[in-house]
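Structure first, then comments.
Hydrogens, waters and symmetry mates play no part in the numbers below; they use all other heavy atoms, side chains included.
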Amino acid sequence: MKEELIRVENGRFRSDGDDYQFDIAICRGECIGVYVDDHLTSGTAYLDIFKGYSHIISGKVFCLGRRSGSIELERYIAQRCMIIDRQRFDSGELTVWDFVLALDKSLGWRQKRSASQRLLSPQSEQMRRQMSCVFPWEQKLIGLSLLDYYRLAIFRAWFWQNDLVALDRLTEILRQKDLEQLMHCVRLLLQQGAAVIVFDMDEEFLYRHAIRIDVIKARKTCYRLHPEEYDGRLYEILGWKRRGVRTDNAEPQPDEQVVLAVSGLTFPAVSPLNFEIRSGEIAFLRDENYNTVSQIRDCFVGEKSWLSGAFCLDGRVYTHAEMRKVVGTRIGIQIERPDRPSGVLFDNLTALDNLCICLLPKAGQHIMHRNLVESILQEASRWFSRDALLRPLREWPLPERLRFSYYKWYFLSPRLLICFFPFVGQESAHHEMIIDMLVTCAQRGMAVWVVSSGIDAICEKTENKEFLKRLHYLGE
């Protein structure tokens, strides 16, 4: 377990007379991203914590794993934190040696002599070479390029063994290729046990380098994104438009991505399955005697595993135990009747609660949920009335409850949605609504896998051309 450096739970901070609510958690070796809606308000106040300008008023504070107070937190930050921001020293007299050794350091002559010896040691020379800081010590600081200046700043953090380094909006200063070279230095710093907080409004940059992104909205830490959520779906759900998206090296379009690939996947008394389903497709696997579907269903919602073969989701091969862990998140399961005991909905809960219990865990522990719940309600109100969303699902009529069960998956946007006999037992009047929802989920970018008996008659009657365009049959 990594050593925890700082943790603040439900922290209330004050900066320039305004109050802010921030949750902070960072351990050694971690690179944490902080993404803000407005850098001039929330972002500045968050960064001011590490500059000593923003003071904690209330909340639980932990330093180095021990319960602490506001004074201990501020003292620790002042002694062990370094900020690298847009400002650079432009003095015509300051040298590289001065910058690393003497700047902001009040040392006695014995300490200065010891530091000078360490700076010339083989270990320091090796790290200088690894970080490409090989310019002469007498080099004037003003003569360094921007990249070399920030490399030297990272080296200085390593030399003085700072526990925590904050990088502020460097994407607005450095070119893309320079950023990648600088982040190589940051990774070397992380390997030595330091922690790094990256403040930026370029989420693509944060996605590449941070192990977690804390999102600040309206002066509060609203929720946290982890790597499995870095594809932007949570932004879309909450109505955000992603900023800073680049067109170079763009990912393939959804219809070009293979989401599910199974090879020789074998179940008892079932022929081996071999097929691929791409993002945006509706793939149909025929099962007339219920044998295949029962085996597959027991695999995904029960304890039985496949006998042999490979199950590959988004390019990663999963064991059965690993696959079971992503059911409900990366894999959605839609059964015939969502209101049955083993269905996908909780009838005694409101529709809003049904959505929140799936999404709120992504916000992380100790995070304020109120704003997130309101955002969920606002988004869902585009599909259902606000009053209905606040009522228990048992009070909803069947067609709307059925439609809501598909909307839940549209809302959560798993990579793969498996639908077992979606039309069986449903009134023919509901077939078109189910088709519309399958298309809606596919248009979201999901790979939709339908396991059912023949749907030829349904396909003949439907006028949904988009459904027929996306539909293809597996093994036929």
Side-chain angles (χ1 to χ4, degrees), residues 1-36 41-84 104-106 157-158 160-168 186 189-199 206 210-227 229 360-373:
M1 184 176 179
K2 294 181 179 179
E3 180 186 358
E4 183 179 78
L5 294 180
I6 295 176
R7 174 158 50 97
V8 178
E9 301 175 2
N10 300 318
R12 180 167 163 246
F13 293 83
R14 178 162 295 167
S15 179
D16 291 333
D18 295 321
D19 285 356
Y20 301 82
Q21 297 179 27
F22 297 138
D23 289 75
I24 305 171
I26 189 165
C27 299
R28 290 193 183 276
E30 291 185 341
C31 181
I32 303 299
V34 177
Y35 183 91
V36 296
T41 55
S42 304
T44 298
Y46 203 113
L47 192 61
D48 280 351
I49 296 172
F50 302 94
K51 292 181 177 180
Y53 304 149
S54 184
H55 306 284
I56 188 167
I57 304 301
S58 61
K60 293 183 179 179
V61 177
F62 300 84
C63 288
L64 300 175
R66 299 186 300 271
R67 183 68 184 268
S68 306
S70 59
I71 295 177
E72 291 88 344
L73 174 65
E74 293 180 11
R75 182 184 296 121
Y76 176 81
I77 289 176
Q79 295 174 348
R80 308 300 300 166
C81 178
M82 175 179 173
I83 296 177
I84 301 175
D104 292 336
K105 293 292 179 182
S106 300
W158 171 83
W160 290 108
Q161 299 178 335
N162 292 104
D163 285 347
L164 182 60
V165 175
L167 307 180
D168 181 32
V186 171
L189 187 66
L190 293 169
Q191 292 170 9
Q192 302 301 314
V196 175
I197 297 182
V198 181
F199 295 84
L206 297 179
I211 68 165
R212 188 189 80 228
I213 301 175
D214 290 358
V215 180
I216 312 299
K217 293 183 65 177
R219 303 184 179 187
K220 296 181 180 179
T221 303
C222 288
Y223 57 92
R224 286 175 170 160
L225 287 174
H226 292 86
E229 299 151 358
L360 285 183
K362 295 184 177 185
Q365 196 175 11
H366 311 305
I367 301 298
M368 298 295 290
H369 289 166
R370 185 170 55 189
N371 287 356
L372 184 56
V373 171

Query - Evaluation steps, side chain to side chain contact (heavy atoms under 4.5 Å, CB included), between Leu5 and Leu64 - result: CA-CA 4 Å; Leu5 294 180; Leu64 300 175; 3.8 Å; yes
Query - Rounded distance [0.5 Å steps], CG in Asp48 versus NE2 in His55 - result: 9.0 Å
Requested in this report: Please report the shortest heavy-atom distance between Ile77 and Ile6, naming the atom on each side.
Outcome: CG1-CD1, 4.1 Å
**Report entry** Set of residues satisfying salt bridge (charged side-chain N to carboxylate O under 4.0 Å, His left out) with respect to Asp18, sequence neighbours excluded
**Finding:** Arg219
Query - Smallest separation among heavy atoms of Ile56 and Ser70, with atom names - result: CG2-CB, 3.0 Å
Query raised in the report: In Å, rounded to the nearest 0.5 Å, how long is the span from CG of Leu206 to CG of Leu225?
Result: 10.0 Å
**Report entry** Closest contact, heavy atoms only, Ile83 versus Leu47
**Finding:** CD1-O, 4.4 Å
Requested in this report: Supply the atom-to-atom distance Tyr35 OH to Ile216 CD1, rounded to the nearest 0.5 angstrom.
Outcome: 12.0 Å
Report task. Can you see which heavy atom on Cys27 is nearest to which on Ala195, and at what distance? Result -> O-CB, 3.3 Å
Query - Partner of Met82 under side-chain contact (heavy atoms from CB on, under 4.5 Å), chosen from Asn162, Leu167, Leu164, Asp163 - result: Asn162
Report task. Determine whether Leu73 and Ser68 make a side-chain contact, defined as any pair of heavy atoms from C-beta on separated by less than 4.5 Å. Result -> no
Query raised in the report: Listed by chain and number, what are the salt bridge (charged side-chain N to carboxylate O under 4.0 Å, His left out) partners of Glu4, not counting sequence neighbours?
Result: Arg7
**Report entry** Nearest-0.5 Å distance that lies between atom CG in Leu189 and atom SG in Cys31
**Finding:** 10.0 Å
Query raised in the report: Can you tell me how far CG of Asp214 sits from CD1 of Ile32, rounded to the nearest 0.5 angstrom?
Result: 6.5 Å
Report task. Quick one: do Leu190 and Glu30 satisfy side chain to side chain contact (heavy atoms under 4.5 Å, CB included)? Show the steps, please. Result -> CA-CA 7 Å; Leu190 293 169; Glu30 291 185 341; 5.9 Å; no
**Report entry** Polar side-chain atom of Ser15 near backbone of Ser54 as donor-acceptor pair, under 3.5 Å
**Finding:** no
Requested in this report: Report the C-alpha distance between Arg12 and Asp19 in whole Å, list the side-chain angles of each, state the deciding distance to 0.1 Å, and finish with yes or no for side chain to side chain contact (heavy atoms under 4.5 Å, CB included).
Outcome: CA-CA 7 Å; Arg12 180 167 163 246; Asp19 285 356; 2.6 Å; yes
Report summary line: Minimal heavy-atom distance between Ala25 and Arg212, with the atoms involved, is O-NH2, 2.8 Å
Query raised in the report: Do the non-hydrogen side-chain atoms of Glu72 and Val61 ever get within less than 4.5 Å of each other?
Result: no
Query raised in the report: Counting only heavy atoms not in Ile211, do more than 12 fall under 6.0 Å of its CD1?
Result: yes
Query raised in the report: Parallel under 30°, tilted from 30 to 60°, perpendicular over 60°: which one fits the rings of Tyr46 and Phe22?
Result: tilted
Query - Test log, rule side chain to side chain contact (heavy atoms under 4.5 Å, CB included), inputs Ile49 and Tyr20 - result: CA-CA 11 Å; Ile49 296 172; Tyr20 301 82; over 6 Å; no
Query raised in the report: Counting only N and O atoms by type, is there a donor-acceptor contact under 3.5 Å from the side chain of Arg80 to the main-chain atoms of Arg75?
Result: no
**Report entry** Reported SG-to-CD distance for the pair Cys81 and Glu74, which is rounded to 0.5 angstrom
**Finding:** 12.5 Å
